Number of protein chains: 2
Amino acid sequence: MQIFNSSGECAPTDFSQSVPWLAGLKPGALAAFAGLCQSKSLGEGQSIFREGAPCNELYILESGRVKCYRSSLEGREQVLNVFDRPGDTFCIASAFSTGRHIVSATAVTAARLYVLELDDARCLAHEQPSVMLKMLIAAGNQMNHLAMLAGDLSLKTVTARLAKLLYERAIKHGVRNGKEIHLRRDLLRQEELAALVGTVRVHISRALTGLVRAGGIKLSRQTIHIVDLALLERLGEER
Amino acid sequence: MQIFNSSGECAPTDFSQSVPWLAGLKPGALAAFAGLCQSKSLGEGQSIFREGAPCNELYILESGRVKCYRSSLEGREQVLNVFDRPGDTFCIASAFSTGRHIVSATAVTAARLYVLELDDARCLAHEQPSVMLKMLIAAGNQMNHLAMLAGDLSLKTVTARLAKLLYERAIKHGVRNGKEIHLRRDLLRQEELAALVGTVRVHISRALTGLVRAGGIKLSRQTIHIVDLALLERLGEER
DNA sequence: CACTACCCGTAACTTTTGTTACAGACAGCT
DNA sequence: AGCTGTCTGTAACAAAAGTTACGGGTAGTG
């Protein structure tokens, strides 16, 4: 695990390429925005912030992958959100409400972030309603995801949640029957799957072979082959 | 269960009293806002919207209590949010992202709502950044709640979640050691507690007597007496 | 007051989930 | 190739959560 860290003001041109939702902004406003942002590099596995710490920044992903999670005293982890598309904005919740982080965030891969001071974000909100609206939409998406997650955690079985996860991943990457999901390439060890689905590693192993027997997937070395997407969807919806 | 329903435009004066977060608005803006809102009455138990339905409104609570929840095919229910303070705004997530409801909402008690068309809400966002900011804060609070809930569902035991619920309720109502929580008055049957905590009725019964034995609470007819608030807090934090 | 419907406590049982342990497979390294 | 550390599959066990059933209390109703 490398740790390296650099920061500095960033140029407006960076944004236009890597933050889609700023596209509609006038050049002047964009420059102003850029002037407020710090750029930050993170090494793989590096912590961004931890549960309980005071929060006065907003983060915009430039590249890489970041996870937000909560963890128990015993060391189990529940991933709440994964951000991997440039422009993904996180920490909206804490930033605009409590002032304290309620989750932890870590760079899963090496990553680059734009960091926006909270006070500046609030100013921006007043001056650029369209930006604010984008943030509200982002917040909405994340809320939806969390609402689904919470519901599923309480109402669905581990196998169903896993099937759903695989189904959604397949859809997201445009994978159809017969294609595969590269686990290793996506940094998805069973441990990671477990944290996403809300269980422990061993159970993932069992559930995966369960899905194999059901005919939804096939397993080989580092990949999961999607055999029957419709079946996965169905299994993910029932309990 | 009575069902009655009425609606019509509402006067600006309503707002100033029942929606605290509109306080800072200029009279003109307030009037404009009021003009956009419909008022709606709901009977106890009446459904407001259901999971999967298209969503093009935003709701502001005037009075009463509303729950947002997801339910399984077998009929179990996971409550995600409860809104009971005038001015509480819900459905922000669906409104500003997917356009489809991802949860269901029902009036727990008789209730009155202001209903704002989504298009109008978006306009409002542009014209009244301060309103938008308030919404973002509301969204932030709700996200925080959901993140906590999801984490707790996966990482904590039922008893811990229940202890935490009781602790938070006590704090919210300013209840100290020796005081009580009126269940019946708050419409909290064990069935409700179960849906809040993410389990089944029977388990709540067991967990409650567990908390009694631990010395955190005492039970009598329709009330829970808080015996040791600090203990409840502790039990709610550990696993 | 008596009846009824609903709610709660408890118990026995089943299913699901988490824990511990261990051996085989694989990847990366020297 | 051989070594090492990490990841995976399996099994046996323990704990937590869900299911079904039932009797007893209480509030509300006629």
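Numbered from 1 within each chain, the chains take letters A, B, ... in sequence-line order. The model shown is predicted, which means the values in this text are computed figures rather than measured ones.
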How many Å lie between [atom1] on [X] and [atom2] on [N], as a whole number?
{"X": "A:L208", "N": "D:dC7", "atom1": "CG", "atom2": "P", "result": "16 Å"}
{"X": "A:R206", "N": "C:dA21", "atom1": "CZ", "atom2": "P", "result": "16 Å"}
{"X": "A:R201", "N": "C:dT17", "atom1": "CZ", "atom2": "P", "result": "17 Å"}
{"X": "B:E77", "N": "D:dG18", "atom1": "CD", "atom2": "C1'", "result": "17 Å"}
{"X": "A:E238", "N": "C:dT16", "atom1": "CD", "atom2": "P", "result": "12 Å"}
{"X": "A:I204", "N": "D:dG9", "atom1": "CD1", "atom2": "P", "result": "11 Å"}
{"X": "B:E191", "N": "C:dG9", "atom1": "CD", "atom2": "P", "result": "13 Å"}
{"X": "B:K218", "N": "C:dG9", "atom1": "NZ", "atom2": "P", "result": "16 Å"}

Practice task
Would you indicate whether the side-chain heavy atoms of B:T223 and B:I181 approach each other to under 4.5 Å?
Solution key: no
Problem - Check: B:R239 side chain, C:dG18 base, donor-acceptor under 3.5 Å - result: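 No, no donor-acceptor pair under 3.5 Å.
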Exercise for the section: Let me know, please, whether B:V200 or A:Q222 comes out on the 5' side of the other along DNA chain D by nearest nucleotide. Expected result: A:Q222
Fill in the blank from the handout: Taking for A:E74 and for B:T209 the nucleotide of DNA chain C with the nearest heavy atom, the one nearer the 5' end belongs to B:T209
Problem - Contact list for residues 227-236 of chain A, test side-chain hydrogen bond (donor to acceptor under 3.5 Å, both in side chains), sequence neighbours left out - result: A:Y167-A:E233
Handout entry: Set of residues satisfying side-chain hydrogen bond (donor to acceptor under 3.5 Å, both in side chains) with respect to A:E192, sequence neighbours excluded
Key = A:R189
Practice task
Inspect the contact between B:D84 and B:K67 and indicate whether a charged nitrogen and a carboxylate oxygen are less than 4.0 angstrom apart.
Solution key: no
Practice task
Run the salt-bridge test on A:R70 and A:E51 with the 4.0 Å N-O cut-off and return the result as yes or no.
Solution key: yes
What contact category does [X] fall into here, base, sugar-phosphate, or nothing, at under 4.0 angstrom with non-hydrogen atoms?
{"X": "A:V158", "answer": "sugar-phosphate"}
{"X": "A:S205", "answer": "base"}
{"X": "B:R76", "answer": "sugar-phosphate"}

Practice task
Please say which of A:T106, A:V66, A:V115 ends up in a side chain to side chain contact (heavy atoms under 4.5 Å, CB included) with A:I48.
Solution key: A:V66
Handout entry: Selection: residues 147-157 of chain A, any non-hydrogen atom under 4.0 Å of DNA chain D
Key = none
Exercise for the section: Check whether any side-chain N or O of B:R189 sits under 4.0 Å from OP1 or OP2 of C:dC6, and answer yes or no. Expected result: no
Exercise for the section: State whether A:Q190 places a side-chain N or O below 4.0 Å from either non-bridging phosphate oxygen (OP1 or OP2) of D:dG9. Expected result: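 Looking at the OP1 and OP2 atoms of D:dG9, one of them is under 4.0 Å from a side-chain N or O of A:Q190.
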Handout entry: Selected nucleotide, minimal atom distance to B:L219 side chain, candidates D:dA11, D:dA16, C:dG9
Key = C:dG9
Handout entry: Interatomic distance, B:N141 atom CG to A:F96 atom CZ [nearest 0.5 angstrom]
Key = 12.0 Å
